[in-house]
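Order of the sequence lines fixes the chain letters, A, B, ..., with proteins taken first and strands second; residue numbering starts at 1 for each chain.
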Number of protein chains: 2
Amino acid sequence: MNLDNDTLIPLAETFKLLGDPTRLAILVACLEEEKTVGQIVLQVGASQSLVSHHLRLLRAARLVKPRRDGRQMYYLAHDQHISCTLKDMIDHIQEEEAL
Amino acid sequence: MNLDNDTLIPLAETFKLLGDPTRLAILVACLEEEKTVGQIVLQVGASQSLVSHHLRLLRAARLVKPRRDGRQMYYLAHDQHISCTLKDMIDHIQEEEAL
DNA sequence: TCTATACATGAACATATATTCATATATTAA
DNA sequence: TTAATATATGAATATATGTTCATGTATAGA
């Protein structure tokens, strides 16, 4: 695998977004089903403000897709590569833990 | 997918390591074949000191495996989940770019 | 032993980042 | 319109992080 900077830099930026535990938890929360901000706040246990800030970054990177319904905003993880990426990395971690 | 903190936190830490472009380039450099620190320095275009600092972090997370041969240290990316993770994420980025 | 080469490490620093607090905006109900 | 609810945003801040510079350690050769 040989990556030029036009691939490497956005790749690193995307990984960086997954590199914060709160933000990663938010992404995982809306991985399989659409969740409102309020639901995410409850599930993740972070403040509403913090969740919104993180959602903004995830939205900007198109890692989640927003949908408005009345006063509520629903968020869903954007495509299936994300869950594949997570699964691969979880496999890696579990292999390391087994040692 | 439902992750407890014992999985989520190491997962985020690992992603964080891939989240710096220099460090990611270092990992990619030794993804398919063992490379000496000097070779990585040349390929990545960062200082020797910086490369060693990053390699230390990658080693601590067992993302690379070191081997000494005389004065040289060879590094190799540790297992195949890493390249799968990279490929998945590259696919994600390329889909986004296509929009 | 002395020198040179390859790599590692500690301190220092500038910048980036996560979080909080206060406040703003949008939508619904009264 | 007014009040209430759901979410977003800007400023401020404490901490984390990437990078450099100087120096240390390990190995090989003379």
Side-chain angles (χ1 to χ4, degrees), chain A residues 5 8-30 33-78, chain B residues 5 8-30 33-78:
Chain A
N5 275 8
L8 191 77
I9 289 174
L11 189 61
E13 279 172 0
T14 308
F15 280 128
K16 184 175 285 182
L17 285 172
L18 307 187
D20 176 73
T22 306
R23 198 162 47 225
L24 182 58
I26 291 170
L27 186 64
V28 170
C30 57
E33 38 175 356
E34 258 189 346
K35 292 272 174 66
T36 69
V37 176
Q39 289 175 318
I40 296 171
V41 165
L42 287 179
Q43 180 167 343
V44 170
S47 73
Q48 179 267 312
S49 171
L50 182 55
V51 169
S52 278
H53 278 298
H54 282 309
L55 281 171
R56 192 157 74 95
L57 298 175
L58 293 171
R59 234 176 13 196
R62 303 229 222 182
L63 286 170
V64 296
K65 196 170 63 177
R67 179 177 70 84
R68 179 175 280 283
D69 179 26
R71 286 186 269 206
Q72 326 223 355
M73 289 293 286
Y74 285 88
Y75 284 93
L76 179 64
H78 195 264
Chain B
N5 275 8
L8 191 77
I9 289 175
L11 190 60
E13 278 172 0
T14 310
F15 280 128
K16 183 175 286 182
L17 284 173
L18 306 187
D20 175 73
T22 306
R23 198 161 49 223
L24 182 58
I26 291 170
L27 186 64
V28 170
C30 56
E33 40 176 354
E34 258 188 347
K35 292 273 175 65
T36 69
V37 175
Q39 289 174 318
I40 296 171
V41 165
L42 288 179
Q43 180 169 343
V44 169
S47 74
Q48 179 266 313
S49 171
L50 183 55
V51 169
S52 278
H53 277 298
H54 282 309
L55 281 170
R56 193 156 72 96
L57 298 175
L58 293 172
R59 232 176 13 193
R62 302 229 221 181
L63 287 169
V64 296
K65 196 171 62 175
R67 178 176 71 84
R68 179 175 279 284
D69 179 27
R71 286 185 270 202
Q72 325 225 355
M73 288 293 286
Y74 285 88
Y75 284 93
L76 178 65
H78 194 264

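Applying the side-chain hydrogen bond (donor to acceptor under 3.5 Å, both in side chains) test to pairs two or more places apart or on separate chains, those with a residue in residues 10-29 of chain A are Arg23(A)-His54(A). Each side-chain hydrogen bond (donor to acceptor under 3.5 Å, both in side chains) pair with one or both residues in residues 41-51 of chain A, not counting sequence neighbours, appears once here: Lys35(A)-Gln43(A), Gln48(A)-Ser52(A).
Remark: Gln72(B) pairs with no residue by the side chain to side chain donor-acceptor pair (under 3.5 Å) rule, at least two apart or across chains. Every residue meeting the side-chain contact (heavy atoms from CB on, under 4.5 Å) condition with His78(B), not counting sequence neighbours, appears here in chain and number order: Glu96(A), Lys65(B). Here Arg59(B) pairs with Arg56(B), Val64(B), Pro66(B), Tyr75(B) under the side-chain contact (heavy atoms from CB on, under 4.5 Å) rule; sequence neighbours left out. With sequence neighbours left out, the ring pair (Phe, Tyr, Trp, His ring centres under 6.0 Å) criterion links Phe15(A) to Phe15(B). Arg67(A) pairs by the side chain to side chain donor-acceptor pair (under 3.5 Å) definition with Glu34(A), not counting sequence neighbours.
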Every protein N/O within reach of nucleotides 15-21 of chain C N/O, cut-off under 3.5 Å:
residue	atom	partner	partner atom	Å
dT17(C)	OP1	Lys16(A)	NZ	3.2
dA18(C)	OP1	Arg23(A)	NH1	3.1
dA18(C)	OP1	Arg23(A)	NH2	2.7
dA18(C)	OP2	Arg23(A)	NH1	3.2
dT19(C)	OP1	Thr22(A)	OG1	3.3
dT19(C)	OP2	His54(A)	NE2	2.8
dT20(C)	O4	His53(A)	NE2	3.4
dC21(C)	N4	Ser49(A)	OG	2.6

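Distance OH (Tyr74(B)) to P (dC7(C)): 9 Å, rounded to an integer number of Å.
Protein chain B contacts DNA chain D over a range whose 5' and 3' limits, counting nucleotides with an atom under 4.0 angstrom from a non-hydrogen atom, are dT17(D) to dA28(D).
For the segment residues 60-72 of chain B, residues with any heavy atom less than 4.0 angstrom from an atom of DNA chain C are, sorted by number, Arg71(B), Gln72(B).
A donor N or O paired with an acceptor N or O is found under 3.5 Å between the base of dA8(C) and the side-chain atoms of Gln48(B).
Rounded to the nearest 0.5 Å, atoms CG (Leu58(B)) and CG (Leu24(B)) are 9.5 Å apart. With values rounded to the nearest 0.5 angstrom, Ile40(B) atom CD1 is found 5.0 Å from Leu55(B) atom CG.
Taking 4.5 Å as the limit, some side-chain heavy atom of Leu8(B) sits within range of a side-chain heavy atom of Asn5(B).
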